Amino acid sequence: MKPSIPKGTRDFSPTEMVRRNFIFKTIREVFEKYGYQPIETPAMENLETLTGKYGDEGDKLIFKILPRGEKLTKIGGLLNTKVSFADLFTKTTEYLDEALRYDLTVPFARYVVQHQNEITFPFKRYQIQPVWRADKPQKGRYREFYQCDADVIGSNSLLNEVEIVQIIDEVFRQLKLRTIVKINNRKILQGIAEIIGASDKMIDITIALDKLDKIGWELVEQELKTKNLSSDSIISLHEIALSIKNEKFPEHKLSLLKNHLQDSGIGLKGIEEVEYIFNTVKNIRHESSILEFDLTLARGLNYYTGAIFEVKANDVQMGSICGGGRYDDLTGIFGLSNVSGVGISFGIDRIFDVMNELNLFDSIGLTASTTKVMLAHFGEEERNYCIGIASQLRSVGINTEIYPDITKKISKQFDYANKKQIPFVIVIGGDEIKTGELTLKNMTSGEQTKMKVDEIILKLK
RNA sequence: GUGGUUGUAGCUCAGUUGGUUAGAGCACUAGAUUGUGGUUCUAGGGGUCGCGGGUUCAAAUCCCGUCAUCCACCCCA
């Protein structure tokens, strides 16, 4: 059998793991700096917990878990009867009751409701775990990938939005990535839908609008027509989009939009929220990221109701590396109403890919080498002698390994140390055991000296 | 789900208009070197040419199908 792994999944080798852990650590430390606490939830959830939260396209991408045992037998039994394919399909769907998690936000909402009596609100949690999507893999798109989420739940304050912008900025500053942070607000989009007389089509409008840059107005118009938007509505929408098209500054865009949305309470509320974020952030240092108001930013997830964020890397062609927003009633479905939350999700796999493409890891100098010193020897007796030496070194915190196999070939042992980028090797032979003067070799310079264990400890510690 | 790309050694790839026993570099093993690696030199192991069918005296090469891959669309981290 030829060994392989499912498409869209990856193995991570030591060097990659060291680099990934560096990113995880950076993000975790920033999250904790802002008062977020860690939780974890299971890899699988009840299917009904997940369905209906991600939009039609999203729901299709949920990895369902095949039933086992009796349920599976029942499905198998159906195959021998004369049911139609459609019936077979719906019956099978009924028996599916578990799925792999699609994101971390919905399981978090479930967690909050389930543990509401133990939680002190506002609750700030972070969560770093893999998620799974039954997608077709391509550049920067995997079927298993990690999300690093930070969410505040139980607070309406816009300070949370401001801090999210700061977190984004701080994480990418530390990772030395230049980014564009796009901000929009679902209330503005709702307001526009209202004004153009299509309140019920908000999602369709935003999804179409999202493509404006890419495909141009004519194709957007076409798509809206297929969604049964009236031509009056389309004309009004075009007017609004055109009016801010050439404006550079967020402030100008927002004040122009304000005119259009005079008659929409919710629209004006959205403008006000975005203005607050921009005005507050203005007074804070932010260096790595450019903040931008982008009316066409939609984000497909159904549950967002207020601010929405998306971050793209400046110098690399890649989908968004970070996204999030405010959701006013995600917990409502699970039986806890009137609790608003806002959060952000970092896509570590794409961040890794971007950093790799920019050769940023080389400049950070991360390698997979964790062992400080290796003990090389010439035989059974020498190897036994190594065990005691290794204990002494480890007891003072020096990462030490003993070459495990007996071989007269010292060159093989050096080769091993060399490939593993171990910086020091101690050679133990008959002479060394007799005198207690061990040979310490610096693998980078090639220089070697004889010294006692205590001296070696002082040197390596 | 739709469209395209590419499948040859563990990895990266070459292989001419179809023509002997399918090659290179890196990696691996051994030796040059029985207490000194990262350099060099020598030798060696390793291939159902993705899989199945077809055309042909002859297929890695041409045709059909299929699977996998990567990329784009959709959507998303």
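Owing to the predicted nature of the structure, the values given are computational and were not obtained by experimental measurement.
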[atom1] spacing across the pair [N] / [M], given as an integer number of angstrom:
| N | M | atom1 | value |
| --- | --- | --- | --- |
| A59(B) | U16(B) | P | 16 Å |
| U66(B) | C26(B) | C1' | 33 Å |
| A32(B) | U36(B) | P | 12 Å |
| C71(B) | U12(B) | P | 14 Å |
| G10(B) | C76(B) | C1' | 34 Å |
| U39(B) | G25(B) | P | 16 Å |
| C67(B) | C51(B) | C1' | 7 Å |
| G18(B) | A30(B) | P | 44 Å |

Q: Determine: side-chain N/O of Lys211(A) to OP1/OP2 of C75(B), distance under 4.0 Å, yes or no.
A: yes
Q.
Does a side-chain N or O of Lys419(A) approach OP1 or OP2 of C28(B) to a distance below 4.0 Å, or not?
A. yes
[X] and [Y]: side chain donor to acceptor below 3.5 Å:
| X | Y | answer |
| --- | --- | --- |
| Ser340(A) | Arg326(A) | yes |
| Glu432(A) | Thr439(A) | yes |
| Asn160(A) | Ser155(A) | yes |
| Asp294(A) | Thr296(A) | yes |
| Glu163(A) | Tyr36(A) | no |
| Asn184(A) | Tyr304(A) | no |

In whole angstrom, give the distance that lies between atom [atom1] of [X] and atom [atom2] of [N].
| X | N | atom1 | atom2 | result |
| --- | --- | --- | --- | --- |
| Asp415(A) | U40(B) | CG | C1' | 15 Å |
| Lys408(A) | U36(B) | NZ | P | 13 Å |
| Glu223(A) | C74(B) | CD | C1' | 9 Å |
| Glu310(A) | C76(B) | CD | P | 9 Å |
| Phe378(A) | G37(B) | CZ | P | 11 Å |
| Leu219(A) | C74(B) | CG | P | 10 Å |
| Asp56(A) | C74(B) | CG | P | 17 Å |
| Leu440(A) | U36(B) | CG | C1' | 14 Å |

**Q.** Dot-bracket line, read 5' to 3' along RNA chain B, where crossing pairs take [ ] and | marks a partner on another strand, Watson-Crick or G-U under 3.5 Å
**A.** ((((.((..((((.....[...)))).(((((.......))))).....(((((..]....))))))).))))....
Looking for any heavy atom pair under 4.0 Å, which part of the strands does [X] touch: base, sugar-phosphate only, or nothing?
| X | answer |
| --- | --- |
| Gly323(A) | sugar-phosphate |
| Cys148(A) | nothing |
| Asn418(A) | base |
| Asp431(A) | base |
| Tyr416(A) | nothing |

Q) Taking for each residue the nucleotide of RNA chain B with the nearest heavy atom, is it Gly347(A) or Glu432(A) whose nucleotide lies nearer the 5' end? A) Glu432(A)
Closest approach to the side chain of [X], judged atom by atom: which nucleotide of [options] is it?
| X | options | answer |
| --- | --- | --- |
| Lys409(A) | G35(B), G37(B), G31(B) | G31(B) |
| Lys441(A) | C75(B), U36(B), A77(B) | U36(B) |
| Val427(A) | A77(B), A72(B), G35(B) | G35(B) |

Expected rows: protein N/O vs nucleotides 67-69 of chain B N/O, under 3.5 Å:
none

Protein and nucleotides 1-8 of chain B: nitrogen or oxygen contacts under 3.5 angstrom:
residue, atom, partner, partner atom, Å
U2(B), O4, Lys136(A), NZ, 2.9

Q.
Using a strict heavy-atom distance below 4.0 Å, which residues from residues 444-461 of chain A are in contact with RNA chain B?
A. Thr444(A), Gly446(A), Gln448(A)
Not counting sequence neighbours, which residues clear side-chain contact (heavy atoms from CB on, under 4.5 Å) with [X]? List them please.
| X | answer |
| --- | --- |
| Glu437(A) | Thr435(A), Lys450(A), Lys452(A) |
| Glu32(A) | Arg28(A), Tyr126(A) |
| Gln147(A) | Asp103(A), Leu104(A), Val131(A), Arg133(A), Phe145(A), Asp149(A), Ser345(A) |

Q) Who pairs with Phe63(A) by ring-ring contact (aromatic ring centres under 6.0 Å, His included), at least two apart in sequence or on another chain? A) none
Would you please name every residue forming a salt bridge (charged side-chain N to carboxylate O under 4.0 Å, His left out) with [X], sequence neighbours left out?
| X | value |
| --- | --- |
| Glu45(A) | Arg110(A) |
| Asp353(A) | none |
| Glu194(A) | none |

Q | Lys211(A), NZ: over 12 other non-hydrogen atoms inside 6.0 angstrom | A | yes
Q) Is the NZ or CZ atom of Lys441(A) positioned over Phe414(A)'s six-membered ring, under 6.0 angstrom from the centre and within 45° of the axis? A) yes
**Q.** Those residues that, when tested against Thr41(A), pass side chain to side chain donor-acceptor pair (under 3.5 Å) (two or more places apart)
**A.** Gln127(A)
Q. Under 5.5 Å between ring centres and under 30° between planes: does that hold for Phe145(A) against the base of A77(B)?
A. yes
